[in-house]
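First up is the structure itself, then whatever we jot down about it.
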Amino acid sequence: MSTRLDARPLDRLVDFPAIPAGWAYLDTAATAQKPRPVIDAIARAYGETYATVHRGVYQRSADMTLAYEAARARVAAFIGAGSPNEIVYVRGATEAINLVAQSWGGTFLKPGDRILLSQLEHHSNIVPWQLLRDKVAIEIDVAPLTADGRIDLDAVEAMLTPQHKLVALAHVSNVLGSVLDVRRAANAAHNVGAKLLVDGCQAVPRLPVDVQALGADFYVFSGHKLYGPTGIGVLWARPELLDAMPPYQGGGSMIDRVSFERTTYAPPPTRFEAGTPHIVGALGLHAAIDYVESIGLEAIHAHETALVRQTRDALRSLNSVTLFGPEDSAGIVSFAVEGVHPHDVGTILDEGQVAIRAGHHCAQPLMEALGVPATARASFGVYNGPVDVEALVQGLQRVRRIFG
Ligand SMILES: Cc1ncc(COP(=O)(O)O)c(C=O)c1O
């Protein structure tokens, strides 16, 4: 399929100043490079319009507050939230999941309640639930994967019981690129009275997402994987869930009234945003959303799907390469080269100006299921094109020459 993005690599030196000519950046699943409008928005915010938010009585601060809240409204519209008040700014997906685990889980889960995760989750959708288990004695169940590396929703449906209070799954796997049928997962969770938390870190940069249409109860993502700054991310939750949740952290901004006898809290989302926030991060996130929407998520998805197909076909023809994950994975291809450790693959590729990720990708239980200690992973973004896939293939031919 031909998309507007097919011509993008020609523009990328202008749009993405941190990508030098000849460098194949294939690590977008770790973090995306930043487009010029995001860099400009951050520079403008620090260099021209900077002030604190929510407190200042002076015009500059009032203007910055408007910009900060406009970014929240932009996020809400981008993911189909019902209102900006359903958007809680956090540091990233990791903090969002910890917030839900400690605040919602710590309040509403009781000893013996069960939650269901999957074998392919990122550590940030495993460890926060283990910390909660240490506190509340909940039980954690793990859904298996299908042979081609998707979360097995038949198994999810069979495993769920009325004891399950939460299902927490990745929308797109950061290792395999497998895309979850969120609607079906939501129905399965809701059929037993459980909530569904979706880790949208890898989905939001590569698929159109509408949290309400998907039927999710919590949805989380990080700004830096969406071409925005680090240190800003989003927790979306249904308003009745946020209303019922106690604060996660205490401090300035999140209160209604404070006295030594008793403190009352602000309504959501302010209740969950203690301290001076990442003001400029929010503005950068706004610019990032404008940028991806100027291209279109459908176009980005089509572009990345085409690159994945090209990559999988090319790597298969190298015949000493094992491919992981489904054929229709979204923007991410994990692989292994027979007899060569993924770190060596990554190092040799780097010598040829190809940047991939090698390791367990913060998904050690998935590595165990795949029966490998690590994989090599190429992941795509709007700035990649067929030229990057060719550079990867040439690099892998070099790996084979070096290792015989
Ligand atoms: C699927 C998934 N979930 C969660 C995370 C954690 O994101 P962050 O480190 O930005 O909080 C990542 C980051 O790699 C991810 O890929």
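It should be emphasised that the depicted structure is a prediction, and the values quoted were computed from it without experimental measurement. Heads up: numbering here begins at 1 and tracks the sequence. Counting convention: from 1, in listed order, for ligands and their atoms alike. Atoms considered below: every heavy atom in the structure, side chains included; atoms not considered: hydrogens, waters and symmetry mates.
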For N174, counting its heavy atoms only, list the atoms of ligand 1 lying under 4.0 Å from any of them. 1 (C), 16 (O)
Is any NZ, NE, NH1 or NH2 atom of the basic residue among E293 and R74 found under 4.0 Å from an Asp or Glu carboxylate oxygen of the other? yes
Please confirm whether E95 comes under 4.0 Å of ligand 1, counting heavy atoms of the residue only. no
Heavy-atom nearest neighbour in the protein, as seen from atom 9 (O) of ligand 1, with distance rounded to 0.1 Å: T94 OG1, 3.6 Å
Which of the numbered atoms in ligand 1 are below 4.0 angstrom from a heavy atom of Q202? 1 (C), 15 (C), 16 (O)
Interatomic spacing from CZ in R271 to CG in N85 - rounded to 0.5 Å: 11.0 Å
Which residue from G223, A363, C201 reaches closest to atom 5 (C) of ligand 1 through any of its heavy atoms? C201
Which label fits F221 and F78: parallel for a plane angle under 30°, tilted from 30 to 60°, or perpendicular past 60°? perpendicular
Has D199 got any heavy atom lying under 4.0 angstrom from an atom of ligand 1? yes
Counting heavy atoms not belonging to E338, are there more than 12 under 6.0 Å from its CD? no
Given that the side chain starts at C-beta and the backbone is N, CA, C, O, which of these parts of H224 lies under 4.0 Å from ligand 1, counting heavy atoms, or is it both or neither? side chain
I'd like to know whether the aromatic ring centres of F272 and Y248 sit less than 6.0 Å apart in this structure. no
With a 4.0 Å cut-off, would you call R316 and D313 a salt bridge? yes
What I want to find out is whether D328 reaches R150 closely enough, with some N-O distance under 4.0 Å, to be called a salt bridge. yes
Using a 4.0 Å cutoff against the non-hydrogen atoms of S124, which atoms of ligand 1 qualify? 3 (N), 4 (C), 5 (C), 6 (C)
Identify, by atom number and element, the atoms of ligand 1 in contact range of S222, meaning under 4.0 Å from any of its heavy atoms. 7 (O), 8 (P), 10 (O), 11 (O)
